[in-house]
Amino acid sequence: MTSDVTTLISPVEALIAAERVTVAYENDPVIVDVDLTIEPGDMIGIVGPSGSGKSTLFRALLGSVPLHSGSVSRRAGLTVGLVPQVERIDWNFPVTVAECVAMARAGGWRTPWIRRGERREIDAVLERLGLDGLAGRHIRNLSGGQQQRVFLARAMFTGAEAIFLDEPTSGLDVTTRHEVLHLLDDLNRDGVTIVLSTHDLNGIATHLPTIVCLNRSVIGAGTPADVLTPDVLERTYGSPMEILEHGGMRVVVDSGHGSSLLPLRRDVGA
Amino acid sequence: MNWSELTAPYAFEFFRNGVYVATMAGALCGLVGCYVVLRNMSYIGHGLSHAIFGGYAVAGLIGVNLFLGAGIWGVVTALAIGGIVRRRPIGSDAAIGVVTTASFALGIALVERYGSPGRSADALLFGNILGVRSSDVWLVAGVSLAAVAFIVLAYRPLLFTTFDSEVAEATGVPTTLIDTALMIVLSATVLATMNVMGVTLIAATLVVPAVVARMLTDSFGKMLGVATVVGAVSGFIGMNVSYHLDLPSGSTIVLVGTAFFLVAFVASDTFRRRGASVTHAH
């Protein structure tokens, strides 16, 4: 049974409100009874193990997957941007950085070519993200961090009120990961609502103001101090975890049934 | 061969019509073919041309306008393929294989049993550009104008949907509408050029110019332009060569396109090596 549940509502405080949302593929539920409210100015990280339903929850919130039950309400006129996982991008597709950014402005009639005014806007977005001078370059010929920022630029170019990012730091080194995180923080301070999914607890999630732990359903939601507890993490990841304090921040350590903390042994010269 | 010998066939109306149609059909297929290639649907051009042959035979049998009947058949076929893929765990290549070959087989059976409703089946299968009439010129011109209008008006949503359909849909692009419209344009393209190129060669005219252009540029806008020019030039040169060497026009046009492919293949490899050595030197 697929319920007719996605509705547009008159302006309310929440940008998106999901109530008891269940999504199933081939009658196999992927997320079950998920409640989540996204309000203007939020910066939320959805964390959980692979297969926990993070991407499916994104699709449900954005209305691109039919719901089995429950409802998703989006504020009327809400504009959203979505930054996909870089692994899903066809890097051989013939598109330059400027073309990639410009395609996002797809509503109404637009000239096929990028007009002078739009070019200035694109250059401004690219400059803000540290991509100035790369407008004519093919997206494949960029570093991992630059590639990630091109798709963030595409989302920003639409003037999106809320930007969803699916594993935005996947495959990035530590320095680039921090750069991306700071960019998102800057955007959020400018009033853009940020919702991202990540499995990187220490690198990303602990830095965010709000975390939602997901494993088919919401296990816990709140600040890192509220949510990053051994009980919530074990229920989310199915594995015991310890919480350490370091420099005023929480650090999650996988205690993996008491064995994975140990180094893997190799008998040398046996 | 001097200039007067080269231009001699232009004294004949049938040849002029053939050149007009071959050039326009080449440009049209080059333009639309970019979307076919970039959506990894190269096989659907081949399949759709075969499916439309079935629609042509059925339309003749039940006595409706051949162009209209075959066109509707082509669109329904394309949409049926999409529907099967969405509703069953079957890959698009397999769905195309089943639906379009079944339609082609139906067309062959009907033509064999009841005869060809319009032109000879051989002309439809292999093209007969020298038998092109003025109405064919207008048909290809009309479809070309419609295709260009669609691509200009829907350029960005079409690009967004082709590049990243899921994100496009999630951010409000009407991807189903865009996909359906593209299928209609593709069906009309195949239908309009079928008399010229023949069912068996349409796939090449859709795919080859786009592949040539892809090898020469990394920009989507430039790819559309280059593919359109390569398709038009292939059609123009192919028609002329076919007359002077007394070769079938459809296959000559495809061979000219293949020559462009070989040149682009070598040229793009040379450029890539040169670019790599420059990068390495830095």
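When reading the values below, keep in mind they use all heavy atoms of this one structure, side chains included, and skip hydrogens, waters and symmetry mates. Every chain is numbered from 1, with letters handed out A, B, ... down the list of sequences.
Both the backbone and the side chain of A:Ala102 have a heavy atom closer than 4.5 Å to some heavy atom of chain B. For a residue to count as touching a neighbouring chain, one of its non-hydrogen atoms must lie under 4.5 Å from one of that chain's; by this rule B:Tyr155 touches chain A with the side chain only.
Of all the listed residues (A:Asn141, A:Thr79, A:Asp90, A:Thr111), the one sharing the greatest number of non-hydrogen pairs under 4.5 Å with chain B is A:Thr111. Put simply, of A:Asn92, A:Ile89, A:Ile139, the one with the most heavy-atom pairs under 4.5 Å next to chain B is A:Asn92.
Checked for salt-bridge contact, A:Glu121 and A:Arg128 miss the test: no charged N lies under 4.0 Å from a carboxylate O. A salt bridge links B:Arg39 with B:Asp179: the closest approach of a Lys/Arg side-chain nitrogen to an acidic carboxylate oxygen falls below 4.0 angstrom. Between B:Asp218 and A:Arg140 there is a salt bridge, with a side-chain nitrogen of the basic residue lying less than 4.0 Å from a carboxylate oxygen of the acidic one. For A:Arg177 and A:Asp173, the salt-bridge test fails: no basic side-chain N is under 4.0 Å from an acidic carboxylate O.
Taking the six-membered ring where the residue is Trp, A:Phe58 and A:Phe164 present perpendicular rings, their angle passing 60° and hence far from 30°.
A:Arg216 meets the salt bridge (charged side-chain N to carboxylate O under 4.0 Å, His left out) test with no other residue; sequence neighbours excluded.
Cation-pi check for A:Arg105 over A:Phe157 is met; the charged atom lies under 6.0 angstrom from the ring centroid and within 45 degrees of its normal.
Taking 4.5 Å as the heavy-atom cut-off, the residues of residues 162-170 of chain B that approach chain A are B:Thr162, B:Phe163, B:Asp164, B:Glu166, B:Val167, B:Glu169, B:Ala170, ordered by number.
Side-chain atoms of A:Asp42 do not come within 3.5 Å of backbone N or O of A:Thr193 as any donor-acceptor pair.
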